[in-house]
There are 2 protein chains.
Amino acid sequence: MTPLADGPESTTLSPHVRQKRQRRRAEILHAALRAFRENGYHATTLEDIAEHLGVRKTALYHYFPDKEAILYACHRESLGEIERMMKSARKLATASERLAYVIREHVRIMTETLEGSPLAFEVTAFSPDRAGEIIAARDRYERWLRKIIDQGIKDGEFRAVDSKIAVFAVLGAINWIARWYRPEGTIHAPELGREFAEHLVGGLTCG
Amino acid sequence: MTPLADGPESTTLSPHVRQKRQRRRAEILHAALRAFRENGYHATTLEDIAEHLGVRKTALYHYFPDKEAILYACHRESLGEIERMMKSARKLATASERLAYVIREHVRIMTETLEGSPLAFEVTAFSPDRAGEIIAARDRYERWLRKIIDQGIKDGEFRAVDSKIAVFAVLGAINWIARWYRPEGTIHAPELGREFAEHLVGGLTCG
DNA sequence: TCAAAATTTGAATACCTGTTCAAATTCAGG
DNA sequence: CCTGAATTTGAACAGGTATTCAAATTTTGA
């Protein structure tokens, strides 16, 4: 019994057990991210994820109510990091500095936390209610990026580009990392972040 | 009978019938691209595709041996356009001009021919043999792009960037179009191509 | 108009995978 | 240790969907 599944990691669990449970949840998310990276959400089976952990697929149901909940948890974690990053970007003064910082940090999140998993690719996999939340958070991020660029234009740092299009270019370059980046490859994450920042910010400053 | 399915649109078909058959194949590909754009390859059912055509799913088997073959045909068509574009880019002299042209044309292909369908997202859906051909063509395109950038660096037009990373930034921005572009939206394809070209080429020239 | 060919259909099949559940196993902690 | 809780397991179920195939329908071309 005890189909706790998910819910508030709340009550009546001894600290030790609760810790262990949370660690296992993290391991499952980790394995899921790797699997999603290889094959995408739909083509990934629960057995693929379980196999990474040396366990049978039914064991996963002790931690998540269904497959979608795993994808959802991955998104939540990812969006949380993005929002933390948005806050810490406040300390930068100019639009160029801020945008460069955001690009470097987003690249770092993609490569470190997500292992380059193409989370942003899988929005359509959610049932309507959950999709709403994810899409809202994504839109908030996009609008925030757009404001940075508009500010840069107003301050004369950037050319008078269409900021909507520019944001899509930036996010496209970053999200696409999921399609080719491999942690064990020759391209290293910090350099990747720097190069992307120079390329994408540079394209706005010069004319 | 006559399970011709695919194969060389070759023999023993009266011209009129052959033409009609090819038109139907094109219609199927068209419908498939639209469906793939909405939901991705795996989440798209043969019935989804058939519905667009007002026909039952089993009818599709008269034109393609299986679902994967439909995706394969979409890729072939897309890669054909890319290769034509590569040839026509020869007439441009400088690396900047050539790269800008390629970006504008690739954007046009994404928005017009493919209706913004995320073909490049679905490479992992193929069985090994077919995957090889698609990946080889994609790699050829990437190497060709990289040469343009390396030439630009040598000629002093571009900064001394890592051309591999720069190519990924360019392709990421372009392929990501599939995730947000809608033909009926406010952003128009030609402007999109121009903005992308200025942004992504500009990021290499200035510094 | 008519026969042969092409196309479409509907029913049936087979397989895959997400999910449930009760039983077995492992673990926590006094 | 020992007991109850937590975790894992294996078997079975359920729903969906790609695929097959023979029959029905439509189209071709003379």
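Residue numbering restarts at 1 for every chain, and letters A, B, ... go by the order of the sequence lines.
Checking B:Leu60 against A:Glu68, the closest nucleotide of DNA chain C that is more toward the 5' end is the one next to B:Leu60.
Distances shown here put a side-chain N or O of A:Tyr63 below 4.0 Å from the OP1 or OP2 atom of D:dT8. OP1 or OP2 of D:dT7 has at least one side-chain nitrogen or oxygen of A:His62 nearer than 4.0 Å. When the side-chain nitrogen and oxygen atoms of B:Arg56 are compared with OP1 and OP2 of C:dG10, one or more of them lie within a distance under 4.0 Å.
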Base-contact (B) and sugar-phosphate-only (S) positions in nucleotides 25-30 of chain D, heavy-atom cut-off under 4.0 Å, - elsewhere: --SSS-
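Over its full length, the helix from C:dT1-D:dA30 to C:dG30-D:dC1 turns its helical axis through 30°, comparing axes from the five pairs at each end and rounding to 10°.
Looking at the side chain of A:Ala59, the nearest of the listed nucleotides C:dT8, C:dT19, D:dT9 is D:dT9. Closest approach to the B:Tyr61 side chain among D:dT7, C:dT19, D:dT20 is made by D:dT20 (side chain taken as heavy atoms from C-beta onward). The side chain of A:Arg21 approaches D:dT7 more closely than any other nucleotide in the set D:dA11, D:dT7, D:dC21.
No donor-acceptor contact under 3.5 angstrom links the side chains of A:Thr44 and A:Asn39, judged on distance only.
For the pair B:Lys57 NZ and D:dG16 P, the computed distance is 11 Å after rounding to whole Å.
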Check against side-chain contact (heavy atoms from CB on, under 4.5 Å), B:Phe196 and B:Ile177: CA-CA 11 Å; B:Phe196 267 28; B:Ile177 290 172; 4.0 Å; yes
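In this structure, A:Tyr72 and A:Ile134 have side chains that are in contact, with non-hydrogen atoms separated by less than 4.5 Å. For the pair A:Ile174 and B:Trp176, the minimum side-chain heavy-atom distance is 4.5 Å or more.
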Would you mind writing out the side-chain donor-acceptor pairs for residues 75-90 of chain B within the sub-3.5 Å range, not counting sequence neighbours?
| from | atom 1 | to | atom 2 | distance (Å) |
| --- | --- | --- | --- | --- |
| B:His75 | ND1 | B:Leu71 | O | 3.3 |
| B:His75 | NE2 | B:Leu119 | O | 3.2 |
| B:Arg76 | NH1 | B:Glu133 | OE2 | 2.6 |
| B:Glu81 | OE2 | B:Thr113 | OG1 | 2.5 |
| B:Glu83 | OE2 | B:Arg140 | NH1 | 3.1 |
| B:Ser88 | OG | B:Met85 | O | 3.1 |
| B:Ser88 | OG | B:Tyr101 | OH | 2.8 |

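B:Tyr41 carries B:Lys67 over the face of its six-membered ring, with the cationic atom under 6.0 Å from the centre and within 45° of the normal.
Of the residues in residues 37-48 of chain A, those placing a heavy atom less than 4.0 Å from an atom of DNA chain C are A:Thr44, A:Thr45, A:Leu46, in numerical order.
By the side-chain hydrogen bond (donor to acceptor under 3.5 Å, both in side chains) test, A:Glu68 is found to be paired with A:Ser127, A:Arg130, residues two or more places apart in sequence or in another chain being considered.
Pairs passing the ring-ring contact (aromatic ring centres under 6.0 Å, His included) check and including a residue from residues 131-152 of chain B, sequence neighbours excluded, read B:His106-B:Tyr141.
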